[in-house]
Amino acid sequence: MTERERYQPKAIESKWQQQWEANELYRARVDWSKPKHYAVTMLPYPSGDLHIGHWFAMTPSDARARYMRMKGFNVLFPMGFDAFGLPAENAAIQRGIHPAEWTYKNIERMRGQLRSMGTMFDWQRETVSCDPDYYKWTEWFFKLFYENDLAYHGEALVNWSEALQTVLANEQVIDGKDERLGQPVIQKMMTQWFFRYKRYADELLEFDTIDWPDPIRIMQTNWIGRSEGAKVTFKTEAGDPIVVFTTRPDTLWGATFMVLSPEHDLVEKITTEAQRQAVSEYVARAARETEIERTAENREKTGVFTGAYAINPVNQARIPIWIADYVLITYGTGAIMAVPAGDHRDFDFARKFDLEIVPIIQPEGEQFDGATMTEAWEGAGYMINSGAFNGTYSNGDKGRKNPAISAVIDWIEEQGIGKESVNYRLRDWLISRQRYWGAPIPIVYRQDGTTEAVPDDKLPVELPTDVKITGVGNPLAQDARFVNTVDSQGKPARRETDTMDTFMCSSWYFLRYLSAHYQAAPFDPEEAAYWLPVDVYTGGAEHATMHLLYARWFIKAMRDLGIFDDATAIMRQHGRNADGLFDEPFRLLRNQGQILGEERRGDTIVATGRFEGSKLVASRVEVIGDDANKAQAALAAERESVTTDATPTAESVLGGERVVGEIIKRTENILNVNQNGDLIPVEVPTDAEIIIPNIPGPNTVNQLRHHLEIQRMSKSKGNVVNPDELVEQYGADTVRAYLMFGFDWVKGGPWDSQNIQGVVRWLNDVWELVTAGAPARASGDPAAERHIERRVHQAVLKVSSSIEAFSFNTAVAALMTLKNDLRAAFREGKIGTDAWREAVRAMLLLMAPITPHVAEEMWNRLGFPYSIHQQDWPQYDAAKAAEEETTLVIMKNGKPIDRVPVPVGIGEEEAKRLALESSGARRVLNGDQPKKLIFIAGRGNVEPKINIVI
RNA sequence: GGGGUUGUGGUGGAACGGCAGACACGGAAGUCUUAAAAACUUCUGCUCGCAAGGGCGUGUGGGUUCGAGUCCCACCAACCCCA
């Protein structure tokens, strides 16, 4: 046997990447004669290194885009960088590198890494959100919204660090202190820019025209949090109105006190002298707490009485006004009516501070008494203590669907004390960020304090480059040359020093791809008319409620401001129906899961303790799995002790009974340990002594758990899988194929460095099979050739439908099966030259989207015309895929009992006859008649079946 | 507390309501080799049986159906989001 060249991915991959680029193979150009397909995968933040997670997100998306291209679509599949944000500023503070320098260096490096994937990105359309060329248009959009009443100036709480003289993001605040100096952070009201997000709340609840995963739709719906109810005006004794929103107007008569948020405007005014000190102390304390802390459900309720009273408008009851931190100024009106009998939080509060409880909804057969109730009743029941409404049934539904609520709303509207109202959990979009590395907000403050937008010809407001970033104060606010400017009248004015939320940049980047260098507008309407909307968007589900909702808002706002009018007109000129095409940015959305760190398994532990039944309750657990020799020694010692001392007792081993073995599984604090083949559960109580190598000092159960955990990859945990190393070792095609084969794409899962062998072997086998050359015999055995043709067409169907359904693992599995079939046929040696060449040709085409380099190389070696990526996808032929013979499965009550070979398409009568004649049927029937026979016809690859009902 | 997602061999994972475990990894035995690796062949859900063959199996318990991993109800567990 002659020595053939082995598969060496390194040599071929860079060769083809260069050639594809030189030939502009993946340039996407408008071509109205072809159907378009616009596929986008979420763009990365330029953190400096491409993560295996990027590969997992991008390469299957790339495979699908390549598939669509071979199917005849004109495909646009671009890439860019979401390049503004906090890490660049942190790098500047820590290492003195300018954010721009840090960012562009990272981008340069990541471009190279992205190219190594062998994706079909059209790099001429690359966009970088921190380029002035890009953020000019981000500013322009701000201005557009500002001028059309979609942007406004308002107050919001921020995390303020007095020490750093700056506003911090939530993730920069740890336990109420800033992460850098550990100095206190307080909640402070500041004037900021908002977009009118809520204006589109109802439209954002509509998902009828888009194909998005259910979990995302549900999360967005919950995030928007539409609730129907009423606004009711209470008055203080002094006559100041306090408006509250309630979803339960039917419980108004049970409102026995009111609670204001500590930040509420009226607090200062209504607080009595006697309560003033307690109130101001409480307000100061609330300012130090985050919203999450304040609203934590299991937290002890706190609050202070203001000394003031309000009048309940439905029954004129005089009720005390309290302040409490669980009422948020940002939700609803910042004030609530408290109905302790009907709301568990109000109930807890009332019991704690000994406030009155008046039952107002009572289910059949109950006799509630406010003094003795042990919990609030939030369900259905009859109204009591509610004046004229007594006896009305409240059915537990929300809004107008509840007749009691409906009747009360009508009544309070008549009385002029309230109004039907809809409240949203969604808040307006706060886009101001008090930091340097973002797109400047193009606003100037005139001397009189009013605002005006920077004129278009002065856009972009560029970030000054020679600033010092120290982490103290806002660099832009400290830069006099930036701050001092003139307004449109030429009078001295002050520039806005806040920059924009980076979600603003990422809300429209898929439009900039259309014409990355277009100067006249954010995008070229000619390109937009052809490519929009995005047909497929892929990315992580973690963006469910932020990015994906902002992008939807953005496109709706743009549509209403006429930004797509030109594109719509061009579409119509080309005879395309433009209706509704700009209502949503992404027609189809799919989320991939996350690749987790490699699971630790096989860790050997020595657990000492006492058996309780079959379970060992450990007092000491030592992990020795990191050291293979030590683990072996411990296992050997254990075997020794078992053989020499047949019945180990508590006394036989120092420290009590013990279990030595490999951890197979962990649930909470129970470890399942394999000791010489037996699975023994070991419970690890919190006070157990735990020894983990590499973690010095006494360890806790949590550390043990953490140590054994499947976990997110992070540098600190040392379990990062570096794609560059994998590419170096296996080649890009293997890494691509493994990521597609080894996981359910939607689920993701822990990395497994062993499983990649399957893909390595697959590509080696394919390589050998193809380079072995075609069989010499010109004509082969017709049956064998028919068989391989059938298998090829079955593979065409399976690979196509799998890729379309984002089921990449089954696509690769089908390709592996085809390889196995081809290899078996090759060994049999009954295939002629032409049939063989045709089969191999089809297999390479099917592989091209998944392993683009090796497919191109083999295609080239077989003498087919360049490039494989410009070929048509193999045409599926059902007749060629059809089997001639199949198996009739005979079942008894749904359980298979026998099978007989039958021709495909067997009829019902024939099948029944064969079934009853089968030995399996005769055995189970034992001479009796079946109750019923059910025939299930075969279809596709599914065999016909007969169910014998007995 | 509310909402969501997911529970299938030792592992990753397949299965329009129709033969559960495709395709792989790992493992076992064998072939080749001085040896090892690689490669190849066979076996590999559990269980009873020498075998032929049987029984049990998709987190648990019910239900719908001729037939349930798949649909419905309840429960348990893990994970995620919200509060």
Side-chain angles (χ1 to χ4, degrees), chain A residues 6 213-223 225 291-299 326 328 331 344-345 378 425 541-542 544-546 591 593-594 596 599 601-602 662 664-668 670 674 677 679 709-712 737-738 741-762 764-765 768 798 801-802 805 807-820 823 827 886-899 919-920 923 930-950:
Chain A
R6 296 189 41 158
D214 281 342
I216 302 288
R217 301 179 355 180
I218 291 162
M219 278 190 264
Q220 293 202 345
T221 302
N222 292 340
W223 185 261
E291 214 164 272
I292 292 158
E293 287 164 2
R294 284 172 57 164
T295 51
E297 189 84 359
N298 48 6
R299 181 168 185 253
Y326 75 92
L328 302 176
Y331 183 78
H344 67 281
R345 296 203 300 185
E378 297 181 350
R425 207 196 67 97
E542 67 273 19
T545 50
M546 308 282 268
N591 302 115
Q594 203 168 34
L596 303 166
E599 188 171 5
R601 33 170 192 226
E662 187 183 342
I664 299 301
K665 205 177 169 182
R666 180 195 68 81
T667 319
E668 285 296 291
I670 309 278
N674 175 0
L679 265 195
E709 209 80 64
I710 309 168
Q711 47 199 209
R712 268 177 107 117
Y738 175 51
F741 177 66
F743 306 84
D744 172 349
W745 195 60
V746 174
K747 267 170 65 185
W751 178 258
D752 186 328
S753 51
Q754 212 166 33
N755 268 343
I756 197 170
Q757 274 314 318
V759 176
V760 171
R761 286 184 194 135
W762 169 49
N764 277 326
D765 287 353
E768 294 201 358
K798 183 67 190 163
S801 59
S802 293
S807 175
F808 302 102
N809 52 354
T810 53
V812 178
L815 286 167
M816 288 176 168
T817 305
L818 180 61
K819 178 269 292 178
N820 291 341
R823 190 168 58 175
R827 286 186 182 152
T886 185
T887 308
L888 175 68
V889 178
I890 299 150
M891 302 188 288
K892 178 194 96 175
N893 295 337
K895 292 254 183 250
I897 50 168
D898 207 347
R899 26 188 82 75
S919 62
R923 180 167 51 78
K931 266 193 207 149
K932 215 191 305 186
L933 286 181
I934 300 209
F935 174 68
I936 305 115
R939 78 192 114 75
N941 299 333
V942 182
E943 292 78 3
K945 294 172 188 74
I946 288 283
N947 193 14
I948 302 173
V949 185
I950 293 178

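Below, chain A is the first sequence line, B the second, and so on; all start at residue 1.
A distance of about 12 Å separates the C1' atoms of B:rC19 and B:rG67, rounded to the whole Å. Between B:rG45 and B:rG26, the distance separating the two C1' atoms is 15 Å to the nearest Å. With both ends at atom P, the span from B:rG63 to B:rG54 equals 28 Å, rounded to whole Å. Atom P of B:rG59 sits at a distance of 15 Å from the matching atom of B:rG13, rounded to the whole Å. A distance of about 12 Å separates the P atoms of B:rG57 and B:rG62, rounded to the whole Å. For the P atoms, the distance linking B:rC82 with B:rA15 amounts to 31 Å, nearest Å. Rounded to whole Å, the separation between the P atoms of B:rU60 and B:rG53 comes to 30 Å. For the P atoms, the distance from B:rG9 to B:rA22 is 13 Å, rounded to whole Å.
Nearest to the side chain of A:Arg899, among B:rC19, B:rG26, B:rG54, sits B:rC19. Closest to the side chain of A:Thr887, out of B:rC19, B:rA15, B:rU41, is B:rC19. Here the nucleotide nearest the side chain of A:Ala813, chosen from B:rG18, B:rG3, B:rA22, is B:rA22. Distances from the side chain of A:Phe741 to the nucleotides B:rC66, B:rC25, B:rC23 place B:rC23 closest. Taking the side chain of A:Lys945 as heavy atoms from C-beta on, and the options B:rU5, B:rG26, B:rG18, the nearest nucleotide is B:rG18. Of the listed nucleotides (B:rC25, B:rG4, B:rC19), B:rC25 has the atom at the smallest distance from the side chain of A:Asn755. Which of B:rG13, B:rG4, B:rA83 sits closest to the side chain of A:Arg345 comes down to B:rA83. Among B:rA24, B:rC40, B:rG18, the nucleotide with an atom closest to any side-chain atom of A:Ile936 is B:rG18. Looking at the side chain of A:Met219, the nearest of the listed nucleotides B:rU11, B:rC81, B:rA14 is B:rC81. Taking every side-chain heavy atom of A:Arg425 into account, B:rC82 is the closest of B:rG54, B:rG3, B:rC82.
Residues A:Ser802 and A:Thr810 have side chains that bring a donor and an acceptor to within less than 3.5 angstrom of each other.
When each of A:Val889 and A:Arg827 is assigned the nucleotide of RNA chain B with its nearest heavy atom, A:Val889 is the one assigned upstream, toward the 5' end.
In this entry B:rU31 has B:rA39 as its Watson-Crick or G-U wobble partner, both defining distances falling under 3.5 Å. Of the nucleotides present, B:rG55 is the one that pairs with B:rC46 by Watson-Crick or G-U wobble criteria, both distances under 3.5 Å.
For A:Gln754 against B:rC25, a side-chain-to-base donor-acceptor contact under 3.5 Å is absent.
Among all heavy-atom pairs drawn from A:Ile950 and A:Asn893, the shortest one is N-OD1, 3.1 Å.
Classified by its glycosidic torsion, B:rG13 falls in the anti category, the angle being over 90° from 0.
The interatomic distance linking A:Arg761 (CZ) with B:rU41 (P) rounds to 12 Å, in whole Å. In this entry the distance linking NZ of A:Lys798 with P of B:rC23 reads 12 Å, nearest Å. If you take NZ of A:Lys931 and P of B:rC66, they are 10 Å apart, rounded to a whole angstrom. One can place CD of A:Gln757 at 14 Å from P of B:rA37, the figure rounded to the nearest angstrom. Summarising the geometry, the separation between CH2 on A:Trp762 and C1' on B:rG12 is reported as 17 Å, rounded to the nearest angstrom. Taking atom CZ of residue A:Phe808 and atom C1' of nucleotide B:rG13, one finds them 16 Å apart after rounding to whole Å. Atom CD1 of A:Ile946 and atom P of B:rC19 are 14 Å apart (whole Å).
Looking at heavy-atom distances under 4.0 Å, A:Asp214 makes no contact with the nucleic acid at all. Residue-level contact check: A:Asn947 touches the bases, meaning some heavy atom is under 4.0 Å from a base atom. Residue contacts for A:Arg217: at a heavy-atom cut-off of 4.0 Å it reaches no nucleic acid atom on any strand shown. Here A:Gly593 lies out of heavy-atom contact (under 4.0 Å) with every strand. Within 4.0 Å (heavy atoms only), A:Trp223 reaches sugar-phosphate atoms of the nucleic acid but no base atom.
Residues A:Phe935 and A:Lys945 are not in side-chain contact: their nearest non-hydrogen atoms beyond the backbone lie 4.5 Å or more apart. Within the 4.5 Å cutoff, the side chain of A:Asn947 has no heavy atoms near those of the A:Leu933 side chain.
Put simply, the residue from A:Thr886, A:Ile936, A:Leu888 that forms a side-chain contact (heavy atoms from CB on, under 4.5 Å) with A:Glu943 is A:Thr886.
Ring pair A:Phe808/A:Phe743: centre-to-centre distance not below 6.0 Å. Proximity of the aromatic rings of A:Tyr738 and A:Trp762 is defined here by a centroid distance below 6.0 angstrom, and this criterion is not met.
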